[in-house]
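Take a look at the structure set out below.
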Amino acid sequence: MRHQIPLNKWDFSIESLNYRTSVMLPHTWNVDDAVQHYRGPATYETTVLPEEFLEGKKAYLSFGAVYHHARVYVNDTLVGEHGRSGHTPFRFDITDCLVFGSKNHIRVVADNTKQENMLPHMGDFDWADDGGITRKVTLEFLEPDGIEFLHVAEELTETENGYCSGTLTLNTAFLDGKPHSGTVKIIDYADNRIVLQKEITNIEHEITLCFEHLKTWDTTHPNLYRIALETEHDYCEVRTGLRKIEVCGEKILLNNQEVFLKGCEWMPGSHPDYGMAEPLSHSIKCLSQLKNSGCVFTRFHWQQDASLFDWCDENGLLVQEEIPYWGYPKEATSLQLEIAKQQADEMVFFHKNHPSIVFWGVGNELNGASEETIDYVEQMSAYFKAKDSRRLVNYVSNTLSLNQNIDKDDATLHGDVAMWNDYLGFWEPCDDVESHALRTAAKCKGMPLVVSEFGLCEPHFKGGDERRSEILKGRLELYSRIDNLKGYVWFSLNDYRTHVGEQGEGKFRQRVHGSTDLYGNEKPSYALLRSMQ
């Protein structure tokens with residue numbers, strides 16, 4: 001059966017600075033006062049002594065994330081490199097490198113030097129560039145004829161009063177490449193009750209189950225099920241919820257019911273004591289603030305850890321998870337398309353079973369009026385949907401409002417939902433915000449429009465939290481008069497750490513954009529957000 005060994009304690013060093021210490025994962029050196037300004041390679045080392053009963057199993061070294069380039073060695077053998085993405089999970093097969101009966105040395109070189117061949121590109125992004133092993137590391141042992149992965153996807157044919165019927169498709173693979181027989185179970189997560197069980201013979205890649213009268217997953221009733229596959233030598237289970245997200249004309253439907261996406265974006269990694277290695281307890285505090293403010297939706301500019309999506313699954317918070325393609329290059333080349341597809345593969349493989357993720361995002365604030373960006377959005381939308389048909393795909397635009405010609409095309413109109421960052425009168429100068437916003441919405445006629453960002457960024461713009469509150473009230477009154485506007489995202493929950501921030505230095509460099517501060521302390525505008533429906 002499966003066995004996991006968490007690797008938490010590591011020796012850490014930056015050779016060029018002659019700096020050495022012991023750390024616990026997750027970790028980033030960019031909140032350490034002694035080395036917070038350092039950008040470059042750093043080394044993590046640990047040892048592991050696997051018990052003899054594990055010999056003969058398949059061994060994987062699994063990483064939640066390393067920012068942003070990692071070289072991994074086991075007993076001085078390079079087992080793999082992971083680059084071009086600093087926020088996605090990855091794993092390496094280290095079966096042939098492990099020695100049983102003695103200690104095994106694991107070394108990881110993490111490098112947060114800016115690079116051309118990465119997304120986000122170089123330093124062209126608006127969040128922290130904290131280097132390190134920023135999420136957990138696990139040594140996993142699987143049976144050599146065991147289950148490699150288990151992905152589930154539902155197709156709901158009927159939904160009524162919180163219940164649904166349909167089919168459940170399980171995609172799987174076995175490590176020996178042979179067909180196996182086994183038992184599939186659907187188990188109610190709340191009471192551990194088996195609601196469906198079926199014996200399956202000659203399983204190769206896909207299992208289809210028909211089900212009736214199971215509970216749906218939504219924002220008020222986030223019902224979950226455990227899906228288990230048991231074979232002669234292995235047992236694997238995943239957790240998911242049964243839901244359907246779709247667009248119908250200008251409406252967004254969740255389980256055939258229209259949903260309005262009251263949203264707020266949170267920028268993780270902003271607590272100065274933790275940075276991008278912040279503990280789950282602080283993340284839950286921030287996610288709870290989102291949910292307690294009445295929000296049902298959030299978007300992340302970059303990929304997050306599975307533990308955050310677990311919380312969103314359990315608490316009914318809808319999510320857009322995005323490829324962190326922000327700002328530059330303004331038009332995607334073949335390199336950006338290649339990297340985006342790599343990240344899409346990792347997002348789908350590791351996060352596909354989370355019902356809270358309802359949208360994949362393919363980019364943010366590029367040149368949305370260009371043919372190159374439109375082509376990129378169309379290609380990435382098709383790529384995501386070929387791998388995962390149960391989610392919508394969107395692109396976030398800050399160019400939709402620039403050209404007021406109603407027939408002028410924009411890349412966001414080639415996603416499932418038009419997503420517009422509304423900074424009229426701020427980053428985008430404007431004398432008549434209301435007329436400009438109404439004309440922008442008219443360009444999206446026939447499809448849902450979500451304002452994917454709006455707010456006040458200090459110190460670039462003045463007025464403090466009092467003005468932030470005025471903007472929130474004024475914009476929501478305006479948005480209430482736009483018929484096809486089906487959601488908004490307040491930006492942001494928190495002031496956030498960013499390497500391009502206008503205020504503070506080192507680990508305190510930030511943009512004052514939030515209704516809470518870096519530590520999660522609430523400002524008056526948070527109470528206003530909570531009161532607005």
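Throughout, residue positions are numbered sequentially from 1 according to the sequence presented.
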Taking all non-hydrogen atoms of both residues, which atom of S515 and which atom of S525 are closest, and how far apart? OG-OG, 2.7 Å
Heavy atoms only: give me the nearest Y38-P41 pair and the separation to one decimal. OH-O, 2.7 Å
How far apart are the C-alpha atoms of D111 and T113, what are their side-chain angles, what is the distance that settles it, and do they pass the side-chain hydrogen bond (donor to acceptor under 3.5 Å, both in side chains) test? CA-CA 6 Å; D111 191 341; T113 307; 2.5 Å; yes
Tell me, please, which residues at least two apart from P272 pass side-chain contact (heavy atoms from CB on, under 4.5 Å). F508, L518, Y519
F260 versus L485: any side-chain heavy-atom pair under 4.5 Å? yes
Measure across A70 and F90 and return the closest heavy-atom pair with its distance rounded to 0.1 Å. CB-CZ, 4.1 Å
Ignoring hydrogens and angles, state whether a donor on the side chain of Y488 or D422 is under 3.5 Å from an acceptor on the partner side chain. no
Pair E378, S381: side-chain N/O donor-acceptor within cut-off below 3.5 Å: no
Less than 3.5 Å apart, any donor N or O on the side chain of S307 or D305 sitting next to an acceptor on the other? yes
Decide if atom NZ of K473 counts as having more than 12 heavy atoms of other residues, nucleotides or ligands within a radius under 6.0 Å. no
In terms of side-chain geometry, is the basic nitrogen of R84 or E346 positioned less than 4.0 Å from the acidic oxygen of its partner? no
Do T440 and W420 have side-chain N/O donor and acceptor atoms under 3.5 Å apart? no
What I'd like to find out is whether the side chain of E428 reaches to under 4.5 Å of the side chain of N421, using heavy atoms alone. no
Carefully, step by step, assess E322 and F300 under the rule side-chain contact (heavy atoms from CB on, under 4.5 Å). CA-CA 6 Å; E322 298 179 15; F300 294 120; over 6 Å; no
Looking at E371, I want to see if its CD is surrounded by more than 12 non-hydrogen atoms of other residues, nucleotides or ligands under 6.0 Å. no
If you draw a 6.0 Å radius around CD in E258, do more than 12 non-hydrogen atoms from other residues or ligands fall strictly inside? yes
First locate atom CD of Q289, then atom SG of C295, and finally report the distance between them rounded to the nearest 0.5 Å. 11.0 Å
Counting N and O atoms only, with roles assigned by atom type, does the side chain of T28 sit under 3.5 Å from a partner on the main chain of T134, one being a donor and the other an acceptor? no
When you measure from the side chain of N398 to the backbone of G327, do you find a donor-acceptor pair of N or O atoms at a distance under 3.5 Å? no
So T498 and D126, side-chain hydrogen bond (donor to acceptor under 3.5 Å, both in side chains) or not? Walk me through it. CA-CA 6 Å; T498 167; D126 187 18; 2.9 Å; yes
Backbone N/O of L400 and side chain of K443: donor-acceptor pair under 3.5 Å: yes
Where the side chain of K486 meets the backbone of D483, is there a donor-acceptor pair that is under 3.5 Å apart? yes
Assess the side chains of Q342 and S85: does a donor N or O sit below 3.5 Å from an acceptor N or O? no
Tell me yes or no: between the side chains of H513 and E453, is some donor less than 3.5 Å from an acceptor? no
For H69 and Q115, what are the C-alpha separation, side-chain angles and deciding distance, and is it a side-chain hydrogen bond (donor to acceptor under 3.5 Å, both in side chains)? CA-CA 10 Å; H69 185 273; Q115 292 183 5; 5.3 Å; no
Flag for D313-S356: side-chain donor and acceptor within less than 3.5 Å: yes
Is the gap between the ring centers of Y496 and F491 under 6.0 Å? yes
Verify side-chain hydrogen bond (donor to acceptor under 3.5 Å, both in side chains) between N364 and R299, making sure each step is shown before the conclusion. CA-CA 11 Å; N364 179 60; R299 57 178 285 238; 3.2 Å; yes
Side chains of N255 and T159: donor-acceptor distance under 3.5 Å anywhere? no
Would a distance-only check, ignoring hydrogens and angles, find a side-chain to backbone donor-acceptor pair under 3.5 Å from T373 to A369? no
Short question: side chain of Q343, backbone of A340 - any donor-acceptor pair under 3.5 Å? no
Sole residue of Y395, Y325, Y383 in ring-ring contact (aromatic ring centres under 6.0 Å, His included) with Y376: Y325
Just checking K251: does its NZ atom have more than 12 heavy atoms from other residues, nucleotides or ligands closer to it than 6.0 angstrom? no
Before giving the answer on side-chain contact (heavy atoms from CB on, under 4.5 Å), spell out for I471 and R467 the whole-Å C-alpha distance, their side-chain angles and the decisive distance to 0.1 Å. CA-CA 6 Å; I471 292 167; R467 190 180 183 198; 4.2 Å; yes
Where do G86 and A65 come nearest, in terms of heavy atoms and distance? O-CB, 3.7 Å
Heavy-atom closest pair, residues D129 and K114: OD2-NZ, 4.0 Å
Should the heavy atoms of other residues, nucleotides or ligands under 6.0 Å from CG of D431 be counted, would the total exceed 12? no
Please determine, by modelled atom types, if R497 and N30 share a side-chain donor-acceptor pair under 3.5 angstrom. no
Should the pair F125 and W127 be assigned to parallel (<30°), tilted (30 to 60°) or perpendicular (>60°) ring geometry? tilted
If only side-chain N and O atoms count, and only distance matters, is there a donor-acceptor pair under 3.5 Å linking N494 with Y526? no
Between E321 (side chain only) and W360 (backbone N and O only), is there a donor and an acceptor less than 3.5 Å apart? no
May I ask you to check whether H151 and D388 show a side-chain donor-acceptor distance below 3.5 Å? no
May I ask you to decide whether D345 forms a salt bridge with K387, counting only side-chain N to carboxylate O separations under 4.0 Å? yes
Step-by-step side-chain contact (heavy atoms from CB on, under 4.5 Å) determination, E265 to H301: CA-CA 9 Å; E265 185 171 351; H301 271 47; 2.4 Å; yes
Intermediate values then yes/no, side-chain contact (heavy atoms from CB on, under 4.5 Å), R243 and D218: CA-CA 7 Å; R243 57 103 182 105; D218 61 33; over 6 Å; no
Would the distance check show the side chain of Q304 and the main-chain N or O of W302 forming a donor-acceptor pair, the cut-off being under 3.5 Å? yes
One pair to check against ring-ring contact (aromatic ring centres under 6.0 Å, His included): Y44 and H27. What are the steps and the verdict? CA-CA 10 Å; Y44 294 82; H27 172 260; 5.5 Å; yes
For H351 and F309, what are the C-alpha separation, side-chain angles and deciding distance, and is it a ring-ring contact (aromatic ring centres under 6.0 Å, His included)? CA-CA 8 Å; H351 296 162; F309 298 126; 5.0 Å; yes
Please determine if K507 and D33 form a salt bridge, counting it only when a charged side-chain N lies under 4.0 Å from a carboxylate O. yes
Could you check whether D495 pairs with K523 (Lys NZ or Arg NE/NH1/NH2 to Asp/Glu carboxylate O, under 4.0 Å)? yes
Without swapping roles, check the side chain of R391 against the backbone of I357 for a donor-acceptor pair under 3.5 Å. yes
Before giving the answer on ring-ring contact (aromatic ring centres under 6.0 Å, His included), spell out for W217 and Y225 the whole-Å C-alpha distance, their side-chain angles and the decisive distance to 0.1 Å. CA-CA 10 Å; W217 183 97; Y225 289 96; over 10 Å; no
Would you say the side-chain atoms of T412 pair up with the backbone N or O of M419, donor to acceptor, closer than 3.5 Å? yes
Looking only at heavy atoms, which two atoms of E278 and H271 are closest? And how far apart? OE1-N, 4.2 Å
Determine whether R481 and E434 make a side-chain contact, defined as any pair of heavy atoms from C-beta on separated by less than 4.5 Å. yes
